[in-house]
Visitor: 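Before I ask anything, let me first share the structure, which is written out below as structure tokens.
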Amino acid sequence: MNDSSNINITLPDGSVREYPKGATGLDIALSISEGLARNVLATKVNGEVWDATRPIESDAEIKLLTWNDDEGKSTFWHSSAHLLAEALEALYPGVKFGTGPSIEKGFYYDVDLGEHSISQEDFPKIEAKMLELARQKNEYIRKPISKSDAINFFTEKGDEYKLELIDGLEDGSITLYTQGSFTDLCRGPHIPGTSFIKAAKITNVAGAYWRNNQENKMLTRIYGVTFPKQKELEEYITLIEEAKKRDHRRLGKELELFAFSEKVGQGLPLWLPKGAMLRERLESFLRKAQLRAGYLPVVTPHIGSKALYETSGHWEKYGKDSFQPIRTPDADEEYMLKPMNCPHHCEIYKTKPRSYRDLPLRLAEFGTVYRYEQSGELHGLTRVRGFTQDDAHIFCRPDQVKEEFIRVIDLVLYVFRSLGFNDYSAQISLRDPENKQKYIGKDEDWDKAEQAIIEASAERGLSTVTELGEAAFYGPKLDFMVRDALGRKWQLGTIQVDYQLPQRFNLEYVGSDNQKYRPVMIHRAPFGSMERFIAILIENTAGQFPLWLSPDQIAILPISEKYADYADEVFFQLQDTDIRGFVDHRDEKIGRKIRDAEVTKVPYMLIVGEKEAAEGRVSVRRKGEGDLGSMTIGEFAAYFQNEIKNIIATF
RNA sequence: GCCUUUGUAGCUCAGGGGUAGAGCACUUCCUUGGUAAGGAAGAGGUCAGGGGUUCAAAUCCCCUCAAAGGCUCCA
């Protein structure tokens, strides 16, 4: 044990060092190396992030946080929000402040600008001010304050939003932070000083309700991002530009995959021939794998009587936010566009008595559903009002849940692999253990299902995070996330256990003891929806789809009109081996034909001229790579099919 | 749904109270060419829609619709 003036500090590598009581993270860093000390942004003390300059008074486990730690970054950005606030106060006297947290990539501050408004043109001015203030190398100084003093301070300043925040705080836990001439109500922690901030960019400005409540006043939310090095800002900007180039809305138009029409309506995508073919190919790919995995295809109508959704509970929960019921002309009947496929599938389950021997029953449908999403929510293909789920419902016995989960995981991973998503993870969403009564279903069933999900994920080696309280009220779930080529995360497929619908539809099966039992239902969709999945696929591949999905796989480019017949002959021969594409018969030079094929992202160009026609060969050019040399038509077909075989294994 | 911004040719965009512009794409003609843009001519728009102000509106004002970025929502 240490004497009263010293404390023991445990470092992440497990080593224990002795420091004087009141040593700060910076002191500890300095004792390790000066270089480290220069980079320390904050200190994690017993799992809590502290200012690097805050004295540590007792034994602790610590970790020194730098730019390389997520928590280091978020501290850096939170401090940058204060710097932004200081700049705004200098530029717009009288501005009132809401809250200014760090976010995944940067930070924002919600402000009430009063008379002023901010637009893009003002960004450089704000950025310059921030950097000017940063160069003053001001320290972030932490100061605990009593509630009454805090109220006096912000009353005097006229910051009503801060006063509202203080109102919800407990006396004794309130701190202020000051850097330069700006003082903010803040829990912290912060980086030691503004000198760390070397590059700043205001990225966006938008409206946001005070405290995220629609009833409250709309404040101006100013988004920004900062870096400790100019170079990192440049990389960030490059990444943003790359993301813009990959935007599926832009590529969808350029590659003629889909379109929207005001006449048809908001959020209702029109699939153009190339997009439709891409989509059909994805569907048949999954259909084939599902058939092998024991799914049975079903088809159900796009509408269902209102009673169906009263039974399912959807009417009660979402009815007033849905497309409203359709009335029949004569009888007093109401039908609804289907927002989910599961009620229909439950009715299919009920078409005959089921025995425990029939289970699991796996019903699959590419089912198109309609949901009236808020207009401000619509976004390209990722959020639409009419979309097709690669849906299936597995009706099984409680003891089969785990096995079925494993099978679905295998199917989902097969889909990811075949489509080039190699960086994926999953989230297990379980009940809130504190609040079990808000969930439907028997306690023991939940336990069993949650256990089944956890075990199935572990058995398949999924990298998972577990979130308590994130389960749906009707059952726990497993959601898949993929990281795309730019490092962005997307939520894709989902597997959900459902105890509610079997109960609401009174589904039963006869057990081996001739008693009636209730099946468990599992909803699952590896793609999620065709629309959303294709959007993500477009962004991940930048429109350069895997060969087997590419709308046009080859472009045959005759050198001149003289070889048009030979070009057609090549085309027909290749078409016989299921290779699709076109012959570019335009009256253009070869350079132009190549350029156009490159721009429209055709994977293979086959150039045919005098030499090729004479020898029965093609000159092969791969998009983005260039000339691969000459092959016979048969050689090319084999080469081509081999490439596809290597991407897409059979399930 | 709310806030802010935007809407001009198929696409990308300039212009802006006084007869609508460019590049690309498209059509026709010339050119018959060897690995990322050959040449010429032509056609194409009720300036998102509706209303108002004005001698005159694509331009200014109002409303509607749609899009973008946020916020709230998401079976």
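The sequence lines fix the lettering, A, B, ..., with proteins before strands; numbering per chain opens at 1.
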Visitor: Under 3.5 Å, is there any donor-acceptor pair linking the side chain of A:Glu262 to the base of B:rA66?
Guide: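 It does not, because no donor-acceptor pair links the side chain of A:Glu262 to the base of B:rA66 below 3.5 Å.
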
Visitor: In Watson-Crick or G-U wobble terms, both distances under 3.5 Å, what is the partner of B:rU4?
Guide: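 Matched B:rU4 with B:rA68 under the 3.5 Å cut-off.
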
Visitor: With a 3.5 Å cut-off and heavy atoms only, can you find an N or O donor on one side and an acceptor on the other between the side chain of A:Tyr209 and the base of B:rG1?
Guide: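 When only heavy-atom distances are counted, A:Tyr209 does reach the base of B:rG1 through a donor-acceptor pair under 3.5 Å.
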
Visitor: Return yes when atom CD of A:Glu316 has more than 12 non-hydrogen atoms of other residues, nucleotides or ligands closer than 6.0 Å, and no otherwise.
Guide: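 No, because the 6.0 Å sphere around CD of A:Glu316 holds 12 heavy atoms or fewer from other groups.
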
Visitor: Could you pull out the protein-nucleic contacts involving nucleotides 10-13 of chain B (nitrogen or oxygen on both sides, under 3.5 Å)?
Guide:
none

Visitor: When all nucleic acid strands are considered with a 4.0 Å heavy-atom cut-off, which category describes A:Asn204: base, sugar-phosphate, or nothing?
Guide: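 Counting heavy atoms under 4.0 Å across all strands, the contact made by A:Asn204 is with sugar-phosphate only.
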
Visitor: What is the distance from CG of A:Asp584 to P of B:rG33, rounded to the nearest Å?
Guide: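 The answer, rounded to whole Å, is 16 Å.
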
Visitor: Are there more than 12 heavy atoms of other residues, nucleotides or ligands under 6.0 Å from atom NZ of A:Lys317?
Guide: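 Counting other residues, nucleotides and ligands, NZ of A:Lys317 stays at 12 neighbours or fewer.
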
Visitor: Could you work out which one of B:rA37, B:rG34, B:rA75 sits closest to the side chain of A:Arg595?
Guide: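 In terms of side-chain proximity for A:Arg595, the closest of B:rA37, B:rG34, B:rA75 is B:rA37.
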
Visitor: Rounded to the nearest Å, what distance is computed from the CG atom of residue A:Asp110 to the P atom of nucleotide B:rG69?
Guide: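 Answer to the nearest Å: 19 Å.
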
Visitor: Does a side-chain N-to-carboxylate-O contact under 4.0 Å join A:Glu610 and A:Lys562?
Guide: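 A:Lys562 and A:Glu610: not salt-bridged.
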
Visitor: If I take atom CG in residue A:Asp498 and atom P in nucleotide B:rA75, what distance separates them, rounded to the nearest angstrom?
Guide: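 These atoms are roughly 13 Å apart.
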
Visitor: Grab the CG-P distance between A:Leu113 and B:rC3 for me, whole Å please.
Guide: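 Rounded to the whole Å, the gap is 17 Å.
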
Visitor: So, is the end of the A:Arg385 side chain (NZ or CZ) under 6.0 Å from the ring centre of A:Tyr372 and within 45° of the ring's axis?
Guide: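 Yes, A:Arg385 and A:Tyr372 form such a contact.
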
Visitor: Would you call A:Arg221 and A:Asp110 a salt bridge, using N to O less than 4.0 angstrom?
Guide: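 Salt bridge flag = yes for A:Asp110 with A:Arg221.
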
Visitor: Output the rounded distance in Å from CG (A:Leu268) to C1' (B:rA66).
Guide: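 Rounding to the nearest Å, CG of A:Leu268 and C1' of B:rA66 are 13 Å apart.
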
Visitor: So that I know where these two stand, are A:Tyr604 and A:Phe636 an aromatic pair - ring centroids less than 6.0 Å apart?
Guide: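 When the ring centroids of A:Tyr604 and A:Phe636 are compared, they turn out to be within the sub-6.0 Å range.
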
Visitor: Considering only B:rA36, B:rC73, B:rG70, which nucleotide approaches the side chain of A:Glu598 most closely?
Guide: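 Shortest atom-to-atom distance from the side chain points to B:rA36.
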
Visitor: Between B:rG34, B:rG70, B:rA36, which nucleotide gets closest to the side-chain atoms of A:Ala206?
Guide: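 Out of B:rG34, B:rG70, B:rA36, the nucleotide with an atom closest to A:Ala206's side chain is B:rG70.
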
Visitor: Counting only side-chain N and O atoms of A:His379, is one of them less than 4.0 Å from OP1 or OP2 of B:rG69?
Guide: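 Yes, A:His379 has a side-chain N/O under 4.0 Å of OP1/OP2 on B:rG69.
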
Visitor: Check this for me: does any side-chain nitrogen of one of A:Lys274 and A:Asp552 sit under 4.0 Å from a carboxylate oxygen of the other?
Guide: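 A salt bridge is present here (some side-chain N lies under 4.0 Å from a carboxylate O).
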
Visitor: How many Å lie between CZ on A:Arg504 and P on B:rA75, as a whole number?
Guide: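 Interatomic distance, CZ of A:Arg504 to P of B:rA75: 15 Å.
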
Visitor: Answer yes or no: is there an ion pair linking A:Lys338 with A:Glu365, defined by an N-O contact shorter than 4.0 Å?
Guide: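 Answer for the salt bridge query: yes.
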
Visitor: May I ask you to verify if any side-chain N or O of A:Tyr223 is less than 4.0 angstrom from the OP1 or OP2 atom of B:rC71?
Guide: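 It does, given that an N or O in the side chain of A:Tyr223 lies less than 4.0 Å from OP1 or OP2 of B:rC71.
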
Visitor: Report yes if a donor N or O on one partner sits less than 3.5 Å from an acceptor N or O on the other, where the partners are the side chain of A:Tyr318 and the base of B:rC74; otherwise report no.
Guide: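 When only heavy-atom distances are counted, A:Tyr318 does not reach the base of B:rC74 through any donor-acceptor pair under 3.5 Å.
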
Visitor: Do other residues, nucleotides or ligands put more than 12 heavy atoms under 6.0 Å from the NZ atom of A:Lys593?
Guide: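 Yes - once you tally the heavy atoms of other residues, nucleotides and ligands closer than 6.0 Å, there are more than 12.
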
Visitor: With C1' as the reference atom in both, quote the distance from B:rG49 to B:rU32 in angstrom, rounded to an integer.
Guide: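 After rounding to an integer number of Å, I get 50 Å for this pair.
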
Visitor: Among the candidates B:rU35, B:rG1, B:rG38, find the nucleotide nearest to the side-chain atoms of A:Ile590.
Guide: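 That would be B:rU35.
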
Visitor: Give a yes/no answer on whether the side chain of A:Arg592 brings an N or O atom under 4.0 Å of OP1 or OP2 in B:rG38.
Guide: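 So the side-chain polar atoms of A:Arg592 do come within 4.0 Å of the phosphate oxygens OP1 or OP2 of B:rG38, strictly under.
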
Visitor: Inspect the contact between A:Glu598 and A:Arg595 and indicate whether a charged nitrogen and a carboxylate oxygen are less than 4.0 angstrom apart.
Guide: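 Judged by the 4.0 Å cut-off on N to carboxylate O distance, A:Arg595 and A:Glu598 do not form a salt bridge.
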
Visitor: According to the Watson-Crick and G-U wobble definitions, with both distances under 3.5 Å, which nucleotide is paired to B:rA43?
Guide: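 No nucleotide pairs with B:rA43.
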
Visitor: Strictly by Watson-Crick or wobble contacts shorter than 3.5 Å, is anything paired with B:rC74, and which nucleotide is it?
Guide: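 Check on B:rC74: unpaired, no WC or wobble geometry under 3.5 Å.
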
Visitor: Specify the separation, in whole Å, of atom CD of A:Gln374 and atom C1' of B:rA67.
Guide: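 After rounding, the reported distance stands at 17 Å.
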
Visitor: How far does the C1' atom of B:rC62 sit from the matching atom of B:rC55, given to the nearest Å?
Guide: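 Result for the C1' pair: 22 Å, nearest Å.
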
Visitor: Can you tell me if the side-chain N/O atoms of A:Arg221 get under 4.0 Å from OP1 or OP2 in B:rC3?
Guide: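 Result: no.
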
Visitor: Roughly how far apart, to the nearest Å, are B:rU35 and B:rU28 at atom P?
Guide: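 Going atom to atom, P in each nucleotide, I get 28 Å.
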
Visitor: Which residues pass the side-chain contact (heavy atoms from CB on, under 4.5 Å) test with A:Lys436, sequence neighbours left out?
Guide: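 By the side-chain contact (heavy atoms from CB on, under 4.5 Å) rule, A:Lys436 matches A:Arg431, A:Asp443.
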
Visitor: Rounded to whole angstrom, note down the P distance from B:rC26 over to B:rG10.
Guide: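 The same atom, P, in both gives a distance of 14 Å.
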
Visitor: Check this for me: does the side-chain of A:Thr220 come within 3.5 Å of the base of B:rU4 through a donor and an acceptor?
Guide: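 No.
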
Visitor: Here's a test of your reading of the structure: between A:Arg249 and A:Glu612, which maps to the more 5' nucleotide of RNA chain B?
Guide: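 This one resolves to A:Glu612.
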
Visitor: With a non-hydrogen cut-off below 4.0 angstrom, is A:Ser312 in contact with a base, only sugar-phosphate, or nothing?
Guide: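 Contact class for A:Ser312: none.
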
Visitor: Tell me the partner of B:rA25, counting only Watson-Crick (N1-N3 plus N6-O4 or O6-N4) or G-U wobble (N1-O2 and O6-N3) with both under 3.5 Å; none if nothing fits.
Guide: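 Matched B:rA25 with nothing under the 3.5 Å cut-off.
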
Visitor: Considering only atom P, compute the distance from B:rC60 to B:rG45 and round it to an integer number of Å.
Guide: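 It comes out at 24 Å once rounded to the nearest Å.
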
Visitor: Nearest whole Å is fine: how far is B:rU35 P from A:Ile556 CD1?
Guide: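 Atom CD1 in A:Ile556 sits about 19 Å away from atom P in B:rU35.
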
Visitor: If you measure from the C1' atom in B:rA14 to the same atom in B:rU54, how many Å do you get, rounded?
Guide: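 Straight-line distance between the two C1' atoms is 27 Å.
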
Visitor: Looking only at the side chain of A:Ile559 (C-beta and beyond, no hydrogens), which of the listed nucleotides B:rA75, B:rG34, B:rU32 gets closest?
Guide: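 Of the candidates, B:rG34 comes closest.
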
Visitor: Does a salt bridge link A:Arg524 with A:Glu404, judged by any charged N lying under 4.0 Å from a carboxylate O?
Guide: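 No, A:Arg524 and A:Glu404 are not salt-bridged.
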
Visitor: If I pick the C1' atom on B:rU4 and the same atom on B:rG21, what distance separates them, to the nearest angstrom?
Guide: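 Per the computed distance, 30 Å lies between those C1' atoms.
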
Visitor: Could you list by number each residue of residues 601-611 of chain A showing a heavy-atom separation from RNA chain B of less than 4.0 Å, or answer none if no residue does?
Guide: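 Listed by number, they are A:Ile607, A:Gly609, A:Glu610, A:Lys611.
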
Visitor: By nearest nucleotide on RNA chain B, pick out whichever of A:Ala208 and A:Met218 is the more 5' one.
Guide: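 Upstream on the strand: A:Met218.
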
Visitor: At under 4.0 Å, does any side-chain N or O of A:Lys562 touch on OP1 or OP2 of B:rG33?
Guide: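 For B:rG33, OP1 or OP2 has a side-chain N or O of A:Lys562 closer than 4.0 Å.
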
Visitor: Considering non-hydrogen atoms only, spot the tightest contact between A:Arg246 and A:Asn540 and give its length.
Guide: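 In terms of heavy atoms, the two residues are closest at NH1-O, 2.9 Å.
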
Visitor: Could you measure between the two P atoms, the one in B:rG1 and the one in B:rA43, and give it in whole Å?
Guide: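 About 44 Å, rounded to a whole number of Å.
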
Visitor: Can you find a side chain N or O atom of A:Gln266 that sits less than 4.0 Å from OP1 or OP2 on B:rA66?
Guide: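 The answer is yes; a side-chain N or O of A:Gln266 sits under 4.0 Å from OP1 or OP2.
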
